[in-house]
Structures are given as C-alpha cells and as structure tokens.
2 protein chains.
Amino acid sequence: MPAAETTDALNQRLADSGLRSTPQREVVYRVLIGKRDHPTADEVFARVKSELPTISLATVYNCLETLVQCDLVRAVNVERGPTRYCPNLRPHAHFHDEKTGRTHDIDLPPGLLDQVKSVLPPGYDPTSVEIIFRGKATKPSS
Amino acid sequence: MPAAETTDALNQRLADSGLRSTPQREVVYRVLIGKRDHPTADEVFARVKSELPTISLATVYNCLETLVQCDLVRAVNVERGPTRYCPNLRPHAHFHDEKTGRTHDIDLPPGLLDQVKSVLPPGYDPTSVEIIFRGKATKPSS
DNA sequence: CTATATGCAAATAGTTTGCCTGTTA
DNA sequence: TAACAGGCAAACTATTTGCATATAG
C-alpha cells in the first residue's frame, strides 16, 4: 500500500468527521501502519519523534484518540498497563503471548463474530465484539 | 451459598497454593461474592472498610492479586481505567454497557469457547479466552 | 482570520514498592 | 518463632488537563 494511499484514507476520515489534517496526525498514523506490533503511546511517541522531533507526548495521545474516534485504529487493553494501538481494520482477535508479552492478530473466519453474538440474550445490542486469547505461541512471530 | 462454604473454598485454595488464611483475604473475597458488580479495587476497599475499618488499600490490592492467583477471581479490563474484579467462575463473557458503564456477565453455552479456540492456527496454545461485548443493554440489570 | 491543534508543564488516577510491625501456622 | 501478611507513605506509571502559541482551512 503506497504511503499516499493511507494518507488519503486518513484525510478522508478526518474530513468526514470535520477534523483537520495535520502533519502530526499523518505521521502517527503512518507509524502505526508501518509497524503493526501494537505499540503503546510511548512507543509511538519514540517512533514519531525521529521524523517529527518536536512532537509532544500529549499530542501523540491526542492523535491516537482522534484516530480511534475516526475508526481507523483500535485501542486494545490485553493486560493491565498502557493501552496499545492496532490499525488492523479486518475482523480479528488478539492472541497475547504471556511468554513474550507480544500480541498477535488472529484473522477470524466470516460469520464467527455473528455466531458469538448469537449467544447474547434478547436486550443486549452489541456494537462490537472483542476476543482475546492468552497463552503460549510457538509460532515464530507476526 | 452459606458464608462458611465460600470461606471453606477460599481456605482450600489458599492452602493448595501454600498461602495463609487471613481475615483480610476472607472479607475481600466475601465482599466480591456478595455483590458481583465488577467493582474496582477502590470500591472493594470501601466495602471492606465497613467490616474491617483498619484495612489499607495496599492490602486490598494484595488480596485481590492473591485471589486472582488462586483462580477464584478474574481481573477484567473492559475499558481504560481501573481493573475490575469478577468472582464468577463459570465460563462467561462480559457485556459492557456503554451507556451506564456497567458490565454484565453473559453465560456461554457449552462448547462455545472451544469453537472460538478452533479458529487459532496451529502453534497458538491458549490457556484462556476472553470475550467482551460492547454496546447498549436494554435489559434492566443483572 | 479564527477555530482548531500543538507543546509544555503541572495535575491526576491507579497501582506498586519499601520498610517496619503484626500475625499465622 | 520464623516466614508470611498487613499498614502506611512515598514512588511510579500512564494519562489528562490548562493554557499560551502556532497553524490549517
């Protein structure tokens, strides 16, 4: 995916929400897309600084929150501790490797989320479903 | 369930893990069992204090962590913010009502968790699966 | 031009730690 | 009577806020 394309997608979403395009938002988003290892705000901050040395941590928090509002990024809390950010828009679950502390994306087959939702009694109207596995991954990485 | 019974269960688990039975651990556990509304550590602290006025917040954190280690209680992070505690040992999911901020337990049919686990590619060995729904609940409560 | 976003520093919330004292088995 | 647990205060981490300045549309 060319850089221009993801930037266009971002600008589109920002415009749709009446928000402005800024260099900070663009770089934060590109950093997330570029390395999808579920970084914390601090980690995003470190990566963005190399490209935008004057950015502040507070701005990184603001940009991340903006991206979450635009539905371009999901905030993930697999464990107590800092929130992590995930730009994967496909329906997927998370596998938290308790050995390494890393979180892997697990693609879900079509229909699985609907199947899971079907366990809800009437009166519960879900807008989202999150599935988190925890355990050991013997797979190399992701 | 009589109080003595849950205390016995607690003492059993503590003994199994080589841990001691203390009044603080008992009261923290009984408070969780008594009102299963997924309280935060602070909320547990407030409830326990009425029975054990000299308990400290640090001890409440310690007791909760102990109960989690003994598998009598699950720590739950449905949203950014304080960890919440759940003494429900049945296989269940959580429904987080975004209107009220409350979390409801949703019992799961037998086999559902295995079915969900079956989406994992080889190499992923889960010890637990967590399912979190978010949305609106029109149901009265729980 | 002006509403919105950034940068900085201080404030806050949640949790953990160190250390000394008390209690349990 | 040891090893373990509790109490207290301070430290720490993650995040939010207030406010002055800069910038995008």
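In what follows, every heavy atom counts, from backbone to side chain, and hydrogens, waters and symmetry copies are set aside.
Taking CD from Glu65(A) and OG1 from Thr83(A), the interatomic distance works out to 9.5 Å, rounded to the nearest 0.5 Å. The CZ atom of Arg25(A) sits 8.0 Å away from the CG atom of Asn62(A) when rounded to the nearest 0.5 Å. Taken from CZ in Phe45(B) to OG1 in Thr59(B), the straight-line distance is 9.0 Å, to the nearest 0.5 Å.
From the 5' end on, the contacts that DNA chain D makes with chain A at under 4.0 Å to a non-hydrogen atom open and close at dA14(D) to dG25(D). The outermost nucleotides of DNA chain C lying under 4.0 Å from heavy atoms of chain A, listed 5' to 3', are dA3(C) to dT16(C).
Each of Pro82(B) and Asn62(B) has a nearest nucleotide on DNA chain C; the 5'-most of these lies closest to Pro82(B). Residue order along DNA chain D, read from the 5' end via each residue's closest nucleotide, puts Ile55(B) first among Arg80(B) and Ile55(B).
For Phe133(A) and His104(A), the ring centers are positioned 6.0 Å apart or more.
Contact of the Val73(A) side chain with the Tyr29(A) side chain is registered, since non-hydrogen atoms from C-beta on lie closer than 4.5 Å.
When the shell of 6.0 Å around NZ of Lys136(B) is examined, it contains 12 or fewer heavy atoms from other residues, nucleotides or ligands.
Neither side chain, His96(A) nor His94(A), offers a donor N or O lying under 3.5 Å from an acceptor on the other.
Contact check on Asp37(A) versus Arg47(A) returns a salt bridge, with a Lys/Arg side-chain nitrogen under 4.0 Å from an Asp/Glu carboxylate oxygen. At a threshold of 4.0 Å, the pair Arg30(B)-Glu51(B) counts as salt-bridged, since one of the basic side-chain nitrogens sits closer than that to a carboxylate oxygen.
Residue Thr22(B) is classed as a sugar-phosphate contact, given heavy-atom separations below 4.0 Å to backbone atoms only. Using a 4.0 Å heavy-atom criterion, one finds that Thr40(A) contacts no nucleic acid atom at all.
Less than 4.0 Å separates DNA chain C from at least one heavy atom of each of the following residues of residues 63-76 of chain A: Cys63(A).
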Q | Worked check of salt bridge (Lys or Arg N to Asp or Glu O under 4.0 Å) between Arg84(A) and Glu43(A) | A | CA-CA 9 Å; Arg84(A) 294 177 171 277; Glu43(A) 287 164 350; 3.6 Å; yes

